[in-house]
Structures are given as structure tokens and as C-alpha cells.
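Scope of the values below: all heavy atoms of this structure, side chains included, with no hydrogens, waters or symmetry mates.
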Amino acid sequence: MKSSVQITRGIESLFGTRDENIRLIEGGLNVRTRLLNDRLEIEGEASGVARAENILTDYVSLVREGHVFNNGDLNSFLRVVTTDSETSLRGLVESGKQRSFGKKVVAPKTMMQRRYVDAIERNDLVFGVGPAGTGKTYLAVAMAVSALMSKRVSRIILTRPAVEAGERLGFLPGTLQEKVDPYLRPLYDALYDMLEAEKIDKLLERNTIEVAPIAFMRGRTLNDSFIIMDEAQNSTPEQMKMILTRQGFNSKMVVTGDPTQIDLPGGLRSGLVEVIDVLRGIEGISFVQFDERDVVRHSLVQKIVKAYERYNEIIGANRQLTLKLSDQGLEGTPPPGETSAA
């Protein structure tokens, strides 16, 4: 089946860098497109063509109405609408309510990001769990800044474990704060993206915004605060319990982490992995699970996350097979499809 969409002025922005957006539509809906003088021709199965035409018609209408897609927003929206047939591009754009966070205006870019932001608004304790690049930390910091600027809280507490991610940093000169700041850099980066540098510096100086390792939280009660615990997969169960019990009156807490990137030494159990089992189902606590479809960084990041998931599944299956063979006294027997060396 063939169909075509009339080309309007400005639609060239649809195609994206190296036509990545139009290729996303083609791959997601199994269609082919061809740009002619005044229209875009679409070929493929009737259902795919109809879906592509609806998406492109929505895009044309939104552009005519003055909507501007910024910073890869369109690519993120297209990932959703090409995989979820129940979601329209217009519906996704209009329901992803924009919010003002200091100097930034941010709209959730995926369905799960919308659920995450809504969960933070509704609940006092939220866990954002999933791979890198899904916006867990960035959106949490944005919500914290919004709460501070609107005076719903009087301070922001940002914390994360000071755990080395495979490297050995050795001796670091300077004060105690200067020694731990490199571990906390991503939190500072998100803050400076939300507010002017001078304002951030004043808030940090007055401890209205505090950025510190988990160890600095012990023994405290954090009232009237928005608390973010980042990289929670690198906390021990004891640290996780400690930070969760710091939450005081009129406070919100958001805990973010990726269970596939645990850097704890000596095979220690992750506090994030344990807490998911311990607190699941408790009223007032929300768990939001992201996956590779929610990655809003470079399109390669999504592919990298998926590749590691497949690799870990294969490795896990092989380990289970090895353990089974060992239990049966057949250790050393090659897995099916392999032959032992002569």
C-alpha cells in the first residue's frame, strides 16, 4: 500500500540528524519513505502506513500550531508512538505537561517519565529504577528545584554513595568536601543546568542545597526537605535503611539507581536490590521501573543498554547450566552446541 503526506514549510526538522527520525519511523513501523517535491510517500503494509501517516499528520499540525521540538524531544516521542499503537504523537506532546524548573522548562519525554513525575508529585517516597540515560536523576533534581522555588520545602539534600566505579582514584588532596565532590559531580551538573551559577553557589553556601555522601546523613532527621539518593545500587542494605529512616516531616524522598551497574566491593548485596523486595506494596511508596525504551540520550545508548541486557541473560543462562551440571556430577561437560577440545 502507498500513501503520501503533503509537505509543509518547516517539516524538514522532522528528519533529524542524518535522517535518524525518519529512519526510526521506518524501522518501527516496517515502512519505507521517499521524499518527493511536495510530499512524503510512504510504502508498506496498510496498518504500518496508516500509523505512519497519523504520526506525520500530527507532526505537521503541531508545527503549524507553533510547537517547537527541542533537544531530541521528537526522537524520544517517536520511540514511544512507534511502539505503542494506543498513543498518538499529539496526545503524548499535549499530555506531557511542561513544568518550569528554575531557568529550564522541562516536559517528560516518555510515558514512564510522565509516570515518574506524577509519582513524585503524589507520593512522599519514590524509587526510580532503570538504566542510565532515562532521566531518573535529572527529573528528580528538577522536581526538587521546583519544590524549593515554590517554597514547598526549605532545602534540598542530594546524596549518593562514594563508591569507585571500577577505577582507583588514590589519594585526593584538599578538604574532606573537596575529596568527595568528584563522586557527587553529576548532582552538581543537574543543579547548574536548572539554576544560574550564582544562585546555586549562594544556596550551597547557606546549606539550602546540600550535596554530600551517604555517610554524612547518619544521625540526622531531615524535615521540610526534598531528599534525593542517587546511585542507590551502590548502597549497602544498612546504608539504605539508614537513609530511608532520615526522612522527617513535610519531606519528600526520591531514590534512583540501576541494579545492572553495581560497583560494591567484595560481592556485597545492593541495598537497592534488597529494598525493592522489602518495601514493595507498601501504601505511599511508589516504584517506577524504566527500561531501554526510556533512554533519552544518544540513540546508541539505548542499543548499548539492550546489548548488555542480552549479554547478561546469556551469561546467566550459562552459569545456571554449569551449576546444574555440577550438581549432577557432570562438571566439565560442554554446554549443548559446543564440543570439548580434543
Side-chain angles (χ1 to χ4, degrees), residues 1-8 10-36 39-65 67-97 106-117 130-136 139 260 288-313:
M1 176 180 175
K2 286 187 180 182
S3 182
S4 64
V5 177
Q6 193 73 23
I7 296 297
T8 62
I11 200 174
E12 59 272 5
S13 60
L14 164 73
F15 291 84
T17 306
R18 297 188 297 276
D19 295 341
E20 62 181 354
N21 292 335
I22 202 68
R23 290 207 311 270
L24 182 57
I25 293 174
E26 290 179 334
L29 301 176
N30 195 26
V31 298
R32 295 181 301 279
T33 64
R34 186 169 54 154
L35 182 61
L36 304 177
R39 68 186 188 278
L40 184 68
E41 192 173 80
I42 309 166
E43 292 184 44
E45 295 293 330
S47 59
V49 169
R51 182 75 178 138
E53 187 172 4
N54 288 338
I55 292 170
L56 295 172
T57 300
D58 276 353
Y59 177 81
V60 170
S61 298
L62 287 164
V63 170
R64 282 177 177 167
E65 293 164 16
H67 185 85
V68 178
F69 294 89
N70 294 319
N71 302 325
D73 287 357
L74 180 58
N75 190 268
S76 299
F77 291 143
L78 289 176
R79 292 181 198 172
V80 176
V81 297
T82 54
T83 55
D84 183 357
S85 61
E86 301 299 317
T87 304
S88 69
L89 179 60
R90 175 175 289 278
L92 190 61
V93 169
E94 291 180 348
S95 63
K97 181 174 62 175
V106 179
K109 297 180 180 178
T110 71
M111 299 292 285
M112 200 57 65
Q113 284 192 353
R114 284 164 52 194
R115 291 177 190 173
Y116 183 53
V117 170
T134 50
K136 304 183 301 295
L139 286 173
T260 69
V288 180
Q289 181 68 56
F290 296 90
D291 59 29
E292 79 282 350
R293 291 171 296 181
D294 301 300
V295 173
V296 291
R297 291 181 184 169
H298 193 288
S299 58
L300 279 177
V301 175
Q302 189 179 50
K303 296 176 183 177
I304 290 168
V305 169
K306 191 65 176 175
Y308 268 100
E309 285 183 357
R310 287 196 302 268
Y311 176 78
N312 288 332
E313 287 173 2

Using 0.5 Å steps for rounding, measure from the [atom1] atom of [X] to the [atom2] atom of [Y].
X	Y	atom1	atom2	answer
Leu74	His67	CG	NE2	8.5 Å
Thr82	Ile25	OG1	CD1	8.0 Å
Glu53	Asp58	CD	CG	11.0 Å
Ile304	Tyr311	CD1	OH	15.5 Å
Leu56	Ile22	CG	CD1	5.5 Å

Ignoring hydrogens and angles, tell me if any N or O in the side chain of [X] forms a donor-acceptor pair with the backbone of [Y] under 3.5 Å.
X	Y	value
Glu43	Val31	no
Tyr116	Val288	no
Thr134	Gly130	no
Lys136	Phe290	no

With sequence neighbours excluded, residues passing salt bridge (charged side-chain N to carboxylate O under 4.0 Å, His left out) with Glu65: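 Scan of Glu65 (salt bridge (charged side-chain N to carboxylate O under 4.0 Å, His left out), adjacent residues dropped) gives Arg90.
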Smallest separation among heavy atoms of Ile55 and Val81, with atom names: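 In this case the closest contact between Ile55 and Val81 is CD1-CG2, 3.8 Å.
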Over 12 non-hydrogen atoms of neighbours within 6.0 angstrom of CG in Asn30: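 It does not: Asn30 CG has 12 such atoms or fewer within range.
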Within-4.5 Å side-chain heavy-atom neighbours: Leu89 and Tyr59: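 When only atoms from C-beta onward are counted, Tyr59 and Leu89 do touch, with a gap below 4.5 Å.
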